[in-house]
Protein chains: 2
Amino acid sequence: MGTKQQITERIGSILRESKLSVTETRTRILELFMKSNGALEHSDFEKLAGQSFDRVTVYRTLQTFLDKGIIHKIPTTDTSVRYALCKSECSEHHHHDHHIHFKCEECGNTICLDETDVPQIQLPKGYAAHNVEVVVSGVCKSCK
Amino acid sequence: MGTKQQITERIGSILRESKLSVTETRTRILELFMKSNGALEHSDFEKLAGQSFDRVTVYRTLQTFLDKGIIHKIPTTDTSVRYALCKSECSEHHHHDHHIHFKCEECGNTICLDETDVPQIQLPKGYAAHNVEVVVSGVCKSCK
DNA sequence: TTTAATTTGCAACATTGTTGCAAATTTACG
DNA sequence: CGTAAATTTGCAACAATGTTGCAAATTAAA
């Protein structure tokens, strides 16, 4: 994980690479992503950070991070939107988010399984696939 | 598809099998599901049916249909929730929804691909899978 | 350090989802 | 068929979530 110093350093370079100003809100939101071992949704930021974040700023920050390829969305069957950090090989124009997601039914956590391959899907004739999203639900390592 | 008469008949038996009263709202919502060749979200009902549905009734009807296994949800990366009709073999306690979903980037439609198998996913050690959701996005037959 | 560009926070608003309750509709049953 | 019981609906009121414009604050550039 690294020292607090190193994390701050890493966050700074992520933001600078994306040509974004290094601000307190952005730094703290990225810290929360790095500390959490799973996906976060909008309401988590207000909870995790107390009253200190303005709702609007969180919405705009997450949207900016999405645009720059710093985070990605994870599909859900409810109205919440979950976000997770992209790996370092991702950038605004080049994504390597080809991994599956796992949602634990016990702890509710959603994590990215980077080691697990996305399966090939044999579609019916006439369909062209651009992207495959896989979300497996079950019981995770820690909850077993 | 069948005549209007036959559809009404079919809807009646779906509702009776689930021990639900056959009401006008429920009948019309099921009709919309049957006529549409894809998944519907909440706002579609207000659009498709003009002003005639009360918002609250639509929410409650969809929740009831979910509870009874008449419809199922489809994962999305936005805040909307998409619903589609289950096949006839589904019921409150016994689901056969093991199919993948396809979202067309052109027409925006989401459909169930019943013929296509859900892939086996090889999870890391320590994870137990109960359910696998797959959503493929790309271009559908009609838009090609 | 000063200026220009970016970001933030507030207010106000729009949309989406929920709850309680009385009126209306549907079902069950004589 | 007609009545009583059960279910469903619609309204009002509210709660939660997401959006926009704009002035003040912060950050970057010189």
Side-chain angles (χ1 to χ4, degrees), chain A residues 8-9 11-33 39-68 70-71 73-83 92 108, chain B residues 8-9 11-33 39-68 70-71 73-83 92 108:
Chain A
T8 307
E9 190 43 52
I11 287 172
S13 66
I14 290 175
L15 291 174
R16 275 185 297 268
E17 266 174 42
S18 297
K19 299 197 171 62
L20 293 173
S21 303
V22 179
T23 67
E24 171 155 351
T25 309
R26 286 177 181 160
T27 304
R28 290 182 55 203
I29 286 182
L30 278 180
E31 266 173 26
L32 290 174
F33 271 117
L40 297 173
E41 57 187 79
H42 182 273
S43 61
D44 290 330
F45 296 101
E46 301 184 36
K47 283 172 206 150
L48 287 172
Q51 307 288 28
S52 50
F53 289 139
D54 186 78
R55 273 164 15 85
V56 178
T57 303
V58 174
Y59 281 117
R60 287 197 272 224
T61 302
L62 293 174
Q63 185 59 54
T64 302
F65 287 176
L66 275 179
D67 292 345
K68 296 294 185 176
I70 298 172
I71 59 177
K73 287 183 180 184
I74 301 170
T76 64
T77 52
D78 56 41
T79 53
S80 69
V81 184
R82 283 204 186 67
Y83 303 90
E92 185 165 8
Chain B
T8 307
E9 190 42 53
I11 287 172
S13 67
I14 289 174
L15 291 173
R16 274 185 297 269
E17 266 174 44
S18 296
K19 298 196 172 59
L20 293 173
S21 303
V22 179
T23 67
E24 171 156 350
T25 307
R26 287 177 181 159
T27 304
R28 288 182 54 203
I29 286 182
L30 279 180
E31 266 173 24
L32 289 174
F33 270 117
L40 297 174
E41 57 187 78
H42 182 273
S43 61
D44 289 330
F45 296 103
E46 301 184 36
K47 283 172 206 149
L48 287 173
Q51 306 289 26
S52 51
F53 288 138
D54 185 78
R55 273 165 14 88
V56 178
T57 304
V58 174
Y59 281 115
R60 287 197 272 225
T61 302
L62 293 174
Q63 185 58 54
T64 303
F65 286 176
L66 275 178
D67 293 344
K68 296 294 185 174
I70 298 172
I71 60 178
K73 287 184 180 183
I74 300 170
T76 65
T77 52
D78 56 41
T79 53
S80 69
V81 184
R82 283 204 186 66
Y83 304 90
E92 186 164 7

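Chain naming here is simple, since letters A, B, ... match the order of the sequence lines and numbering starts at 1 in each. All values reported here derive from a predicted model rather than from experimental measurement. Both backbone and side-chain heavy atoms feed into the values below; hydrogens, waters and symmetry mates do not.
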Residues A:L62, A:L66; criterion side chain to side chain contact (heavy atoms under 4.5 Å, CB included); working and verdict
CA-CA 6 Å; A:L62 293 174; A:L66 275 179; 5.8 Å; no

Please determine whether side chain to side chain contact (heavy atoms under 4.5 Å, CB included) holds for the pair A:Q63 and A:D67, giving the CA-CA distance in whole Å, both sets of side-chain angles, and the decisive distance to 0.1 Å.
CA-CA 6 Å; A:Q63 185 59 54; A:D67 292 345; 3.0 Å; yes

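In this structure, CD1 of A:I11 is placed 17 Å from C1' of D:dT27, rounded to the nearest angstrom. Rounded to whole Å, atom C1' of C:dT8 lies 14 Å from atom CZ of A:F65. Regarding B:E17, its CD atom lies at a distance of 15 Å from the P atom of C:dT27, rounded to whole Å. B:D54 has its CG atom 14 Å from the P atom of C:dT18, to the nearest Å. C:dT16 atom P lies 14 Å from atom CZ of B:F45, rounded to whole Å. Atom-to-atom, CG of B:L20 to C1' of C:dT27 comes out at 13 Å; the value is rounded to the nearest Å. Rounded to an integer number of Å, the gap from B:R16 CZ to D:dA6 P is 22 Å. A straight line from CG of B:D78 to P of C:dT16 spans 11 Å, rounded to a whole angstrom.
In this structure, B:L20 and B:K68 have side chains that are in contact, with non-hydrogen atoms separated by less than 4.5 Å.
Of the possible donor and acceptor atoms, none in the side chain of A:R82 sits under 3.5 Å from a partner among the backbone N and O of A:T76.
Shortest non-hydrogen contact noted between A:T27 and A:I11 is O-CD1, 3.6 Å.
Taking the centre of each ring, B:F33 and B:F45 come in below the 6.0 Å mark.
Distance from the side chain of A:T57 is smallest to C:dG9 among D:dT9, C:dG9, C:dT7.
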Taking protein heavy atoms under 4.0 Å as touching, what does nucleotides 14-26 of chain D look like 5' to 3' if B marks base contact, S marks sugar-phosphate-only contact and - marks none?
---SBBBB-----

